[in-house]
Undergrad: 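Here it is, the structure, as structure tokens.
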Amino acid sequence: MSELSVQHLLGIKYLKPADIQLIFETADHFKEVINRSIKKVPSLRDITIANIFFENSTRTRLSFELAQKRLSADVINFSAAQSSVKKGETLIDTVNNILSMKVDMVVMRHPNPGAGIFLSKHIKASIVNAGDGAHEHPTQALLDSFSIRERLGEVGGKKVVIVGDILHSRVALSNIYALQMQGAEVAVCGPKTLIPKHIESLGVRVELDLEKALAWCDVANMLRVQNERMDMSYFPNTREYTMLYGLNKERLDRLDKEIVIMHPGPINRGVEITSDVADSPHSIILNQVENGVAIRMAVIYLLASKIK
Ligand code: CP
């Protein structure tokens with residue numbers, strides 16, 4: 001396969017296993033490029049990309065912008081907080097105004113699930129979902145799997161537990177789809193209140209006991225509790241959450257094996273993970289961030305090649 005089966009990257013759900021394979025092979029090449037002394041290629045000199053962010057971001061926004069600049073694309077950045085959205089302008093009007101400036105691709109983060117899908121039906125540009133509410137965060141899942149492949153050689157056959165606030169997590173859903181598409185086994189672990197009802201129907205195991213989940217897995221992907229998406233209390237207090245679901249060195253030392261530790265960021269140090277674990281050799285958290293640039297270069301490059 002030499003091109004993606006999709007025109008937009010709206011979610012992992014819409015990809016085929018061969019798409020993921022192609023993105024990884026392309027990212028392998030770009031990872032080599034970004035480690036050269038000259039980190040830039042002229043591939044997308046004729047492409048203009050708008051990054052439009054209606055929600056806060058550090059890693060995703062910077063990583064997309066860097067990926068676009070490494071590919072020599074022209075880039076404009078839009079942040080809703082400083083825009084006319086604050087004066088009541090709609091999403092479609094906002095994006096159509098940006099597209100009038102001859103933009104070819106839109107990378108969008110939005111608090112509403114399905115915002116990217118909605119946009120793709122109303123505008124002509126290629127859309128990349130950089131996180132839509134609690135729905136999907138496809139490039140995060142791609143860089144997570146790419147990082148597992150890099151550390152363990154392959155994703156197929158590996159056991160991955162996603163720990164924490166599964167209910168409010170777009171990272172969890174995209175990871176479940178991506179990992180299963182590559183033949184990994186997936187479990188989720190957290191307080192019952194933060195595990196979506198019927199999640200077993202996606203073919204994942206549910207484990208409420210962190211120690212049992214750690215004993216089962218090869219990889220633990222620790223998630224942040226997303227207080228900003230919570231409209232009520234899901235557990236008594238942070239101290240109890242950390243006692244039951246926080247990853248610390250004592251818990252790792254009790255295992256008779258080494259596991260790979262991941263986190264999409266931002267980390268709440270001392271809550272879902274202690275600093276000695278986050279900064280340990282078992283942690284690939286910063287490798288995930290580095291791989292994010294190569295993965296986003298690959299996604300943008302492959303989608304741009306489909307623009308007529
Ligand atoms: N992982 C992630 O999406 O981080 P940001 O919210 O900082 O982009």
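Just follow the structure's listing: the first ligand is 1, and inside any ligand the first atom is 1.
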Undergrad: Counting the benzene-type ring for Trp, do F53 and F64 have ring centres under 6.0 Å apart?
TA: no
Undergrad: Show the atoms of ligand 1 that are less than 4.0 angstrom away from any heavy atom in T58.
TA: 5 (P), 7 (O), 8 (O)
Undergrad: Just distances here: any N/O of P266 and N/O of ligand 1 closer than 3.5 Å?
TA: no
Undergrad: For atom 3 (O) of ligand 1, which of the options Q140, R224, H137 provides the nearest non-hydrogen atom?
TA: H137
Undergrad: Write out the residue and atom name of the closest protein heavy atom to atom 6 (O) of ligand 1, then the distance separating them to 0.1 Å.
TA: R109 NH1, 2.9 Å
Undergrad: Mind checking the CG-NZ spacing from L44 to K69? Nearest 0.5 Å is all I need.
TA: 14.5 Å
Undergrad: Heavy-atom count check: over 12 atoms from other residues, nucleotides or ligands less than 6.0 Å from Y301 OH?
TA: no
Undergrad: Show me which atoms of ligand 1 lie under 4.0 Å from any heavy atom of G265.
TA: 1 (N), 2 (C), 4 (O)
Undergrad: Apply side chain to side chain contact (heavy atoms under 4.5 Å, CB included) to residues I20 and L15 and explain how you reach the verdict.
TA: CA-CA 7 Å; I20 296 183; L15 296 181; 4.2 Å; yes
Undergrad: Begin with the C-alpha distance, continue with both residues' side-chain angles, and end with the deciding distance and a verdict on ring-ring contact (aromatic ring centres under 6.0 Å, His included) for Y14 and H8.
TA: CA-CA 9 Å; Y14 309 104; H8 311 278; over 10 Å; no
Undergrad: To which protein heavy atom is atom 4 (O) of ligand 1 closest, and what is the distance rounded to 0.1 Å?
TA: R59 NE, 3.1 Å
Undergrad: Among all the protein's non-hydrogen atoms, which is closest to atom 1 (N) of ligand 1, and how far away is it?
TA: P264 O, 2.8 Å
Undergrad: Could you tell me if the side chain of S169 sits less than 4.5 Å from the side chain of R224, heavy atoms only?
TA: no
Undergrad: Does ligand 1 come near enough to T60 that some N or O of the ligand is less than 3.5 Å from an N or O of the residue?
TA: yes
